[in-house]
Structure formats: structure tokens, C-alpha cells
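Quantities reported herein were computed from a predicted structural model and do not represent experimental measurements. Just the heavy atoms: all of them, side chains too, but no hydrogens, waters or symmetry mates, feed the values below.
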Amino acid sequence: MSALNIFPKSTSKRRSKREIERELELKARRRADEERRRAEALRKQERERAEKARRNAEKAELARREAEKRAKERAEKARKEAAEKRRREEARKKPTPTPKPTSTPTPKPTSTPTPKHTSTPTPKPTSTPTSTQTASPKPSPSASASATATAIPTTTATAIPTTPPPAPLPPDDQTLHHTFRSQVDFSSEQLELDQPASEFLQVPGTYVELELSGQDLLMDDGAEFEFWVFDSPDLERSLPSPTLRPREGEIFQARVEPSKGPHTIHWHGMEPDPRNDGVGHTSFEIGDFYTYQWQPEAGRPGDPNYGAAGTYFYHCHVNTPLHAQMGLFGALVIDPVVHPDYPVSAGARRPFVDGPEYDIDTETIIIPYSVDPRWHEMDHAAGLSGEDVGLNRYEPKHFYLLGGELARLPGGREKVWNLQSIRANVEGGPRKPTLLRTLNANYLPTHMYFTDLDGVELKMAELIAHDGRAYRDTSHPGMPSPPCIDAGYPLTTGRLAFGAAERYDLLLRPPAPGQYLLRVEWEHWITGEILGTRTIPITAS
């Protein structure tokens, strides 16, 4: 009887622990070798990219230097030509030279000088008046005096009285004239100015005067901070600064008298010429006063390349992050022209020339805003001298929704315009839909959600414009570009994500009368964490 074997038959074929360890070790080495090869290949690619970038940078630098050299040569040539032109004009406009007129009064009898000089200048003075300019430097002063005395009556005597000479300028003076040959010249020459010249002012269709004031304002959560705002004697003094509303095609002027240091007004998204754009480092900063002037372009139906109607905003562009946070911003709304092919119903308006009509009475603007209390303890020029004051760290602790119905701008002084609720007209009702304008005035990503009372998201908002540009169907080149809703695909949504300075225009289309909600969330721009939430009721009727 054989002994009972309690071990499996395959026991003798099992690998030892050492063999398994060796195999794992071998696999690990292979993986490590493969990773090293990949890393080396990546490093090689990175070195090649860096070398290529370095070569491109060197080429760009050489090209820049060459362009700069050529620009300087052109500028020097232009300066010399201008100086030479001034000298020639002065020589042409003076009837007699001043150096030695008194030393040669006796040669006035033309018996001796005229035969000598009529032989040489006579061939050329009859061709062009400039011949006296080229021939006069060659003879002596006395000879040139007698020569011009005989040549002028036949060639240029009739031209001199018609253009009286201006007051003569020193020929070598470089400070009385400065012609900017390009926008680069203009931008690089400007400094802080107390009273920059407001050039080419015209009769405005809209004119406002804006000063600057600072005061402590109480927010709706009970917190109080110092704010700086643009203040107008004819408009509200509030946070945000006054809402400005010009019209397409008309001249807009804004006279600003800053305080608390130099400031500007940048018309964000309008892009006027640099003198009126309000960007300090491409024009000037204002110490005393200046009148901005620009004209929004009129729209054309079906043409995406024309028109400026939409939602914009204005803000100070000196130490911009701090000054905008301190409250130096306001809403700018451009209304469209009324085109005969797109008339407007009573009590309605269009957001752009051929856009859908909306109800004027319920038109609303919402301005998400947040406050970092530490920033509101800084002064006007914090960080401008290179010191680290923490403007790269934005850590808001308070979150607000500014704005309200534009037909009911706030009255009074020293107040905050808080959005409390929104009225919306029901889709298919007797009134036109409600237009909601959005302006993100904080430095965080922001999300908006339209929901019912249970928090269920509803697609009740139609996007019609972004940053002052209408959404159009441009899929057929050479054909008119109608608004998306007229093209058959309205851009409806229940949520909206947008960042700092972005603006959207939305038509609210609630499906039925009742109560709805608009929830706004502020996100951390790195981690995505929800830092703050506000909810506004929407009443649809």
C-alpha cells in the first residue's frame, strides 16, 4: 500500500520565490530602461524645440534690429528733408535777402550787374519758380540780390502777394514742430499730461461729465469698504459708476476730471483711436481734465462687419487691476439705429439693427462682482514701482450681484445698485421678451444657472450677442447673415460660463408664468472650488 501524497502533483513544477523575484526585477529593469529611453527622447525633442525657438528668436531679434535701423534711417532722412524744405520755403518767401542789402545799394543802376547775371539765370527761371532756389546759393549775396531783382518780375512776382509769409521759425528748431509719422511715434512720446489736447471736437449727440470720488459704501451683506467711482453731477453716484447709453452713429463725448492721482477712461470693446481709447501706455494719463470723443459705427441689416450696438463697459486703465476692483467701472450700452426695414413697436427696442425686439420696461443688467478686502486698503499707485503688494493674489471674501432694471436707474447719492430680483415676460405673451445684459466685473470664472424652484435646470435663455457682437448665421459667404433665431436655430441654454470682462446679451423666455431662479457661482480660477453663491428670483408673467 502506497503512502498518501497530500501535495499536488504540480508541486515540483512551481517556480521558486527567487525565480519570481528575478523575473519581476527583470521586468522592472526593462520598464525603467524603456522609461529612460522615452525620457531621453522627450529631452531630445525639448532640446531641439528650444534650439529651434532660440534660432527663431535670434532671427526675430535680427529682423527687429534691422527694421529698427531702417526706421531710424527713414526718420532721419525725413527729418533732414523737412528741414531742407523749411529752408527752401524761407528762401523762396523772402523777397530780398537780409545779409548785405545795405552794402550794395549803389549797383541799383542795371548797367553793370544785369549783363553779368542775366546770361546765367535766364535759361532756368522761365521753366520753374524753383530755379531761383537752386541758383541763388551759388553767386555772392550781392550778385544774388541783383539777380532776383531782375528775375522775380518775370517769374514769381505774381505768386508772392497771394501767400503772405507766416512768422519765420528758427531753421534748426526741433521743439516747435513735432509731426508724429506713425502711431508708434505717438504712443512712445506720451507721458502723464495734466490737460491733453482734445483734438477735432465736434457737436456731440451725447455728452457727460465725469469726476472721481471716493467714499465708504455699505454692501447688502453688511460689509463696508472704501470705493472709488466715476461721479457725475447729472447722473447717480453709486457702485457701479453711472450707466452711459449713447446711440450708433452719433458723436459721444465724456469730459473726465480725475483726482487721487492720474486716471483714464478705457472704453472696453469700442476701440476708438488711441487718443480716445484711454489706455495710458499707448496715449496718456490724465492729471487735470480731458474730453474723450468717439463715434460708434452704425449697423447694417444682415452684415456682421458693421455695427457697434451691444453691451460694453468703461473703466480706468491706470493700475488697472486695482482701480477696477476699487469701483472705477460702469456699464456702457450702445443702442442701434432704427432701420426702415426693421421698425420698432411701441415700448420695445432692438439690441442691434436687425435683432429681435425686446421689452424696454423689463430690460435688466446683472454685474457679478467680488471684493478682496485687502485690496481696498491700498493706495492709488500700489505696485507701480515694482514692489510686490500682492496684486497677483486675488482672494475675495464677499460676492455680490450688482445691477437692476435699466429703465429704473437708481437715484440719490452714495449708494450701491444691488440686483434684488428679475422680471421676465412669458414666451408668447402680449409683451416682447425681457433682455438680460450681463457684465462680469470680477476676476473669477463665473457660472450662471436658470432653474425652477426645485433647482432643475431650464433652457429659458436665448443667447443673441457676446461682447457687443451679434450671433449671426455666417455660413453662406456673399449672402446676408441673419440673426441665428431668424436662421432657424436659436441659441437657447440653461447655463452660462464666462470670465472677467465678458458680456453676454440674453433674451429670457420662461415657458409659463410663475417663479424661477437664477443662481450665480464664483469659482476659484485654479482649483475650481465654489467660493461664493448668490440666487436671484425670477418672476415670469
Side-chain angles (χ1 to χ4, degrees), residues 220-221 310-311 351 355-356 358-359 362-370 396 398-406 418-429 431-467 469-471 473 483-541:
D220 63 357
D221 61 352
T311 304
Y358 68 87
D359 178 35
T362 56
E363 178 187 13
T364 301
I365 188 168
I366 179 172
I367 307 175
Y369 178 63
S370 56
H398 302 267
F399 304 90
Y400 305 104
L401 293 178
L402 307 178
E405 294 182 350
L406 290 172
N418 292 305
L419 180 64
Q420 302 295 335
S421 62
I422 296 176
R423 293 188 299 151
N425 299 330
V426 176
E427 177 75 8
R431 293 171 298 178
K432 303 298 181 181
T434 297
L435 178 65
L436 179 63
R437 301 180 184 268
T438 67
L439 163 59
N440 195 335
N442 80 106
Y443 302 137
L444 298 176
T446 307
H447 285 76
M448 296 171 51
Y449 299 91
F450 297 90
T451 71
D452 61 15
L453 293 180
D454 296 325
V456 178
E457 187 175 322
L458 295 176
K459 290 186 176 182
M460 56 180 289
E462 178 193 343
L463 297 175
I464 61 172
H466 175 240
D467 286 355
R469 301 294 181 265
Y471 284 118
D473 179 8
C484 289
I485 186 174
D486 294 338
Y489 52 93
L491 305 179
T492 56
T493 183
R495 64 176 63 188
L496 184 66
F498 59 129
E502 277 194 281
R503 292 94 58 206
Y504 280 94
D505 294 344
L506 310 92
L507 288 177
L508 299 184
R509 301 186 184 276
Q515 294 294 317
Y516 302 90
L517 298 176
L518 171 59
R519 186 176 77 254
V520 180
E521 296 178 349
W522 288 260
E523 291 186 359
H524 191 282
W525 64 282
I526 296 178
T527 65
E529 176 188 0
I530 303 300
L531 300 179
T533 301
R534 282 287 182 111
T535 302
I536 296 294
I538 301 175
T539 301
S541 61

Please round to the nearest 0.5 Å and tell me the distance separating atom [atom1] of [X] and atom [atom2] of [Y].
X: Leu444; Y: Glu523; atom1: CG; atom2: CD; value: 9.0 Å
X: Glu462; Y: Asp505; atom1: CD; atom2: CG; value: 11.5 Å
X: Arg509; Y: Thr492; atom1: CZ; atom2: OG1; value: 9.5 Å
X: Ser421; Y: Ile538; atom1: OG; atom2: CD1; value: 10.0 Å
X: Thr311; Y: Leu435; atom1: OG1; atom2: CG; value: 7.0 Å

Parallel, tilted or perpendicular: which fits the ring planes of Tyr471 and His466, with parallel below 30° and perpendicular above 60°?
parallel
Trace of the side-chain contact (heavy atoms from CB on, under 4.5 Å) decision for Asn425 with Lys432:
CA-CA 7 Å; Asn425 299 330; Lys432 303 298 181 181; 5.6 Å; no
As a quick check of understanding, evaluate side-chain contact (heavy atoms from CB on, under 4.5 Å) for Leu496 and Leu463, giving each step before the final call.
CA-CA 9 Å; Leu496 184 66; Leu463 297 175; 4.0 Å; yes
Give me the atom names and distance for the closest heavy-atom approach of Pro356 to Pro351.
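Residues Pro356 and Pro351, closest heavy atoms: O-CD, 2.9 Å.
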Which atom pair, heavy atoms only, marks the closest approach of Pro483 to Gly355?
CG-CA, 4.5 Å
Would you say the side-chain atoms of [X] pair up with the backbone N or O of [Y], donor to acceptor, closer than 3.5 Å?
X: Asp452; Y: Asp454; answer: yes
X: Thr493; Y: Ala461; answer: no
X: Asp467; Y: Arg503; answer: yes

Is any side-chain heavy atom of [X] closer than 4.5 Å to a side-chain heavy atom of [Y]?
X: Arg431; Y: Ser541; value: yes
X: Thr451; Y: Arg519; value: yes
X: Leu507; Y: Ile485; value: no
X: Phe399; Y: Asn442; value: no
X: Leu439; Y: Leu402; value: no
X: Phe498; Y: Pro368; value: yes
X: Phe450; Y: Leu436; value: yes
X: Asn440; Y: Tyr504; value: no

List the steps, then state whether side-chain contact (heavy atoms from CB on, under 4.5 Å) holds for Ile422 with Leu508.
CA-CA 10 Å; Ile422 296 176; Leu508 299 184; 4.0 Å; yes
Got a salt bridge between Arg534 and Asp220, using NZ or NE/NH1/NH2 to carboxylate O under 4.0 Å?
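Judged by the 4.0 Å cut-off on N to carboxylate O distance, Arg534 and Asp220 do form a salt bridge.
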For a side chain to side chain contact (heavy atoms under 4.5 Å, CB included) with Arg437, tell me which candidate from Ile367, Ile366, Leu506, Ile365 qualifies.
Ile365
List in chain and number order the residues that pass salt bridge (Lys or Arg N to Asp or Glu O under 4.0 Å) with Glu457, two or more places apart in sequence or in another chain; answer none if no residue qualifies.
Arg495
Could you check whether Thr539 and Gln515, counting side-chain N and O atoms only, form a donor-acceptor pair closer than 3.5 Å?
yes
